[in-house]
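Take a look at the structure below.
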Amino acid sequence: MMNPAMSSWMALKDRVGDITGKTVLVLGATGAAGQLAVQISKYLGAKTVIAAGRDEAKLAMVRGLGADQTIALTGTDEDVKAAFAAVADVDVVLDYLWGSVAEKALQAILPARHDHSQLLSWVEIGSMSGGDITLPSAYLRSVNLRLLGSGQGSINGKVFATELPKLAQLISAGTFQLAVQTLPFDELSSENWQDASQRYVYVM
């Protein structure tokens with residue numbers, strides 16, 4: 001679990017800070033990293049965690065992992081934007097998707113916030129939905145939006161050295177859950193490597 005768990009753990013611990021009592025939206029919550037991000041957000045004190053993803057069956061599973069609400073990204077653009085607008089007052093977004101999904105979410109969330117001076121920390125972690133977005137400059141002037149990236153280049157190595165042993169202990173203790181599928185080594189395939197929603201362990 002270390003690699004997928006590390007993405008949200010470091011984003012919250014180093015890039016965002018204390019999230020006690022906050023509302024966190026996870027974009028891409030049905031992948032392995034997203035599932036762990038839901039659990040880690042709750043563990044670190046989030047009051048409410050909203051999970052957004054395409055796989056509705058896995059969204060239902062993520063509810064069992066601690067998500068308070070879910071947003072299915074499979075509807076029409078209007079439906080998806082309406083769902084994002086309904087949760088516009090989030091405090092933190094952990095974004096594993098970027099691209100077109102982030103554009104829709106930003107376009108819906110930012111104008112709908114009740115208090116435009118309330119800080120929204122948007123942390124870009126992955127780009128499963130595309131590497132670029134278009135963001136109107138007016139959004140940056142009219143809303144208290146903080147865009148952040150989280151990865152090895154943006155976090156000091158000493159911070160990793162301090163935080164990762166703590167995370168390893170929690171994982172070893174069974175604090176977080178992640179379904180793992182075991183397969184015989186001779187069934188190793190590149191198709192499985194591309195499946196971000198499932199973790200495979202190949203047994204010799």
Side-chain angles (χ1 to χ4, degrees), residues 1-16 19 23-44 46 48-75 80 83-84 87 90 92-106 109 121-133 148-152 154-155 163-164 167-168 170-171 174-183 188-202:
M1 288 189 196
M2 278 297 293
N3 190 51
M6 179 175 64
S7 62
S8 56
W9 181 270
M10 296 306 299
L12 292 172
K13 294 286 283 186
D14 183 76
R15 304 298 283 154
V16 176
I19 61 166
T23 298
V24 176
L25 168 63
V26 180
L27 288 184
T30 54
Q35 292 172 39
L36 287 163
V38 169
Q39 298 171 71
I40 287 170
S41 296
K42 278 287 190 177
Y43 177 83
L44 292 177
T48 304
V49 178
I50 303 160
R54 294 189 181 282
D55 189 322
E56 295 192 33
K58 283 194 170 67
L59 278 179
M61 179 191 70
V62 170
R63 274 191 175 271
L65 297 176
D68 300 284
Q69 297 173 240
T70 58
I71 295 175
L73 301 177
T74 51
V80 172
F84 282 131
V87 298
V90 298
V92 178
V93 176
L94 298 178
D95 184 359
Y96 289 92
L97 301 177
W98 203 236
S100 60
V101 175
E103 278 195 14
K104 290 175 191 175
L106 284 161
I109 289 172
S121 297
W122 194 290
V123 190
E124 201 287 313
I125 305 173
S127 53
M128 295 294 290
S129 183
D132 301 292
I133 68 167
L148 302 161
S150 183
Q152 292 188 9
S154 60
I155 300 172
E163 290 295 336
L164 294 190
L167 178 59
L170 291 169
I171 289 173
T175 306
F176 308 120
Q177 301 175 43
L178 183 64
V180 175
Q181 183 175 348
T182 59
L183 295 170
L188 181 67
S189 73
S190 60
E191 293 165 0
N192 290 342
W193 288 108
Q194 301 300 318
D195 184 1
S197 66
Q198 178 67 54
R199 305 304 283 185
Y200 294 96
V201 174
Y202 292 91

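One is the number of the first residue; the rest follow in order along the sequence. Worth saying up front: this structure is predicted, and the values here are computed from it rather than measured.
Considering CD1 of I155 and CZ of R15, their distance stands at 6.5 Å, rounded to 0.5 Å. Taking CG of D95 as the start and CG of L148 as the end, the distance is 11.5 Å to the nearest 0.5 Å. Atom-to-atom distance recorded for L178:CG and L65:CG is 8.5 Å, nearest 0.5 angstrom. For the atom pair CE of M128 and CH2 of W98, the computed distance is 16.0 Å after rounding to the nearest 0.5 Å. From L59, atom CG reaches atom OG1 of T74 across 8.0 Å, with rounding to the nearest 0.5 Å. Distance check, rounded to the nearest 0.5 Å: CE of M10 to CG of L164 gives 6.0 Å.
Considering all non-hydrogen atoms of both residues, G149 and S154 come closest at O-OG, 3.3 Å. In terms of heavy-atom proximity, V123 sits nearest to S150 at CG1-CB, 3.6 Å. Nearest approach of L94 to S8, heavy atoms of both residues: CD1-CB, 4.1 Å. The minimum heavy-atom distance between Y96 and G34, with the atom names listed, is CE1-CA, 4.3 Å. Shortest non-hydrogen contact noted between V101 and R54 is CG2-NH2, 3.8 Å. The minimum heavy-atom distance between T30 and G53, with the atom names listed, is CG2-CA, 4.1 Å.
Put simply, the side chain of V26 reaches to within 4.5 Å of the side chain of V49, judged on heavy atoms. Counting only heavy atoms from C-beta outward, the side chains of W122 and I109 approach each other to under 4.5 Å. Counting heavy atoms from C-beta on, the side chains of D14 and E163 never come closer than 4.5 Å. Counting heavy atoms from C-beta outward, W9 and L44 have side chains that approach closer than 4.5 Å. For the pair L12 and V92, the minimum side-chain heavy-atom distance is below 4.5 Å. Inter-residue side-chain proximity for T48 and V87 is flagged as unmet; no heavy-atom pair is nearer than 4.5 Å.
The main-chain N or O of G126 is found under 3.5 Å from a side-chain atom of E124 such that the two form a donor-acceptor pair.
Annotation: side-chain contact (heavy atoms from CB on, under 4.5 Å) contacts of S100 (sequence neighbours excluded): S129.
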Under 3.5 Å, side-chain donor or acceptor atoms of residues 36-43 against the rest of the protein: list the pairs with distances, not counting sequence neighbours.
| from | atom 1 | to | atom 2 | distance (Å) |
| --- | --- | --- | --- | --- |
| Q39 | OE1 | Q177 | N | 2.6 |
| Q39 | NE2 | Q35 | O | 3.2 |
| Q39 | NE2 | Q177 | O | 2.8 |
| S41 | OG | A37 | O | 2.7 |
| K42 | NZ | K47 | O | 3.2 |
| K42 | NZ | D68 | OD1 | 3.3 |
| K42 | NZ | D68 | OD2 | 2.9 |

* Working for side-chain contact (heavy atoms from CB on, under 4.5 Å), residues F84 and I50 -> CA-CA 10 Å; F84 282 131; I50 303 160; over 6 Å; no
